[in-house]
Trainee: 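Pasting in a structure now, in structure tokens, and then I'll have a few things to ask.
Chain identifiers are assigned alphabetically (A, B, ...) following the order of the sequence lines, protein sequences preceding nucleic acid strands; residue numbering begins at 1 within each chain.
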2 protein chains.
Amino acid sequence: MPEDSEQQTRDAIMKAAFNAVAMNGYSQVSITDITEEFGKSRSLLYYHYDSKDDILVSLLEYVLIELMAELENESTETAREELELLLEKLLPSSNDASEREMYAVILELRVQAVTNESFREQFTAVDQQLFERIDDIVQRGIENGEFQPVDSNLVCEHIFASLNGAHMNKLTTSRDGITERTKASLYDYLNHRLYRGDENT
Amino acid sequence: MPEDSEQQTRDAIMKAAFNAVAMNGYSQVSITDITEEFGKSRSLLYYHYDSKDDILVSLLEYVLIELMAELENESTETAREELELLLEKLLPSSNDASEREMYAVILELRVQAVTNESFREQFTAVDQQLFERIDDIVQRGIENGEFQPVDSNLVCEHIFASLNGAHMNKLTTSRDGITERTKASLYDYLNHRLYRGDENT
DNA sequence: GTCTATATTCTGATAGAC
DNA sequence: GTCTATCAGAATATAGAC
């Protein structure tokens, strides 16, 4: 099923917009910046999209779809494996620059949700999906006895906040070893609050 | 010690810039917006500040100083009291609009740190201070036997990430009861990981 | 210190040729 | 579909009067 060329061009524009935002941040990005990343003419953007706003709203959809695709389920033996696989994707320890770019762009877009209702709706929906995804895993773990019988909502909410906070810390400060430390602290939490085995200290 | 009038004007401009960012977000704010909040002429801004950039960088300092002032120590009997007093300030449950504005503006500014080195330096320094503040309390609690003998760094890192994530969730999504739920999940964590008393479930 | 007026550059967007 | 040329308006910033 080959993509038609209209869709290819639109994708290329999305990639250009992504790079432009990654480079200078949402607050600085202009149509000219996107054009330069795109490599074609400025007016061509307007042939494929209605306005700058249209491009940026489309970028949000594009990025969120890409994110959710990366988080697709893989079948695992245990709930714990599934949870840790998901967390590893959501909080990659690698210093992979493209992973960082991805989460940086999402953060830039996310903050627009503070003052932009349509952005907020999209993030609300994605968070809801992600929350349910984690909740399913935790409940599965509780039911089959892998996990302690915790209040799943409470634990998921906490995992969720930790993840968002971890990205924030990683992307907006330069404290040493912040990624690894935040991650270790999340696993420490899971060890004590969720997993079985009396390794409590 | 009455402030001189130069400082008063600069403060008024800072408040105007704060309101302008709170209203439309960092990415949309213009000198004209700030002028309208300020109520005087546009060029007066340039008499007191060098440039738009200068105003925004100064706003960051202004807001961070205000934040740190709000978190000033109060003497408490127990470490737990001190910790919870601090967390209450950092994560107010009230739906106070001005508290929300404050954290919204900080978030807007914080995300600029992704692509702006001087912003990142400032947030790194503030986070470092705040981290040490929490770390002191936790260590005090451990030493006097109030808290469990945890790895203080690990626990503080986790509290820290949860706080940032809580603000993010609150400000960029509309999930129901998100503030209370995130907060409850943090206290659940403290109950099980830090406080003594065998209320483990 | 504060204003009005203006210079200048940049922005988003369109028209029209190919 | 893609380009060049161009518009109208908004942006930051400055000059100069009071």
Trainee: I'd like to know if the side chain of B:E82 reaches the main chain of B:E74, judged simply by a donor and an acceptor atom lying under 3.5 Å from each other, with no hydrogens or angles considered.
Mentor: no

Trainee: Identify each atom pair where a protein N or O and an N or O of nucleotides 11-14 of chain C are less than 3.5 Å apart, giving names and distance.
Mentor:
{"unit_1": "C:dG12", "atom_1": "OP1", "unit_2": "A:I31", "atom_2": "N", "d": "3.4"}
{"unit_1": "C:dG12", "atom_1": "OP1", "unit_2": "A:K52", "atom_2": "NZ", "d": "2.9"}
{"unit_1": "C:dG12", "atom_1": "OP2", "unit_2": "A:I31", "atom_2": "N", "d": "2.8"}
{"unit_1": "C:dA13", "atom_1": "OP2", "unit_2": "A:Y46", "atom_2": "OH", "d": "3.2"}
{"unit_1": "C:dA13", "atom_1": "OP2", "unit_2": "A:K52", "atom_2": "N", "d": "2.7"}

Trainee: Flag the pair B:E88 and B:K183 as a salt bridge only when some basic side-chain nitrogen lies within less than 4.0 angstrom of an acidic carboxylate oxygen.
Mentor: yes

Trainee: Identify, with sequence neighbours excluded, every residue that meets ring-ring contact (aromatic ring centres under 6.0 Å, His included) alongside B:F147.
Mentor: B:Y195

Trainee: Tell me, please, which residues at least two apart from A:Y189 pass ring-ring contact (aromatic ring centres under 6.0 Å, His included).
Mentor: A:H158, B:H158, B:Y189

Trainee: Quick check on B:N144: does its CG atom have over 12 non-hydrogen neighbours (other residues, nucleotides or ligands) under 6.0 Å away?
Mentor: yes

Trainee: Specify the residues of residues 14-23 of chain B, ordered by number, for which at least one heavy atom lies under 4.0 angstrom from an atom of DNA chain C.
Mentor: none

Trainee: Taking B:N169 for the side chain and B:A166 for the main chain, is one N or O donor matched with an acceptor at less than 3.5 Å?
Mentor: no

Trainee: To the nearest angstrom, how far is A:I34 atom CD1 from C:dC10 atom P?
Mentor: 18 Å

Trainee: Using chain A heavy atoms and a threshold of under 4.0 Å, write down where along DNA chain D the contacts begin and end, 5' to 3'.
Mentor: D:dG1 to D:dT4

Trainee: Test the B:R42-B:Y47 pair against the cation-pi criterion, namely NZ or CZ under 6.0 angstrom from the six-membered ring centroid and within 45° of the ring axis.
Mentor: no

Trainee: Angle between ring planes, B:Y103 versus B:H167, binned at 30° and 60°: parallel, tilted or perpendicular?
Mentor: parallel

Trainee: Should A:V155 and A:S152 count as side-chain neighbours, where that means a heavy-atom distance under 4.5 Å?
Mentor: no

Trainee: With sequence neighbours left out, what residues match B:T115 under side-chain contact (heavy atoms from CB on, under 4.5 Å)?
Mentor: A:E108

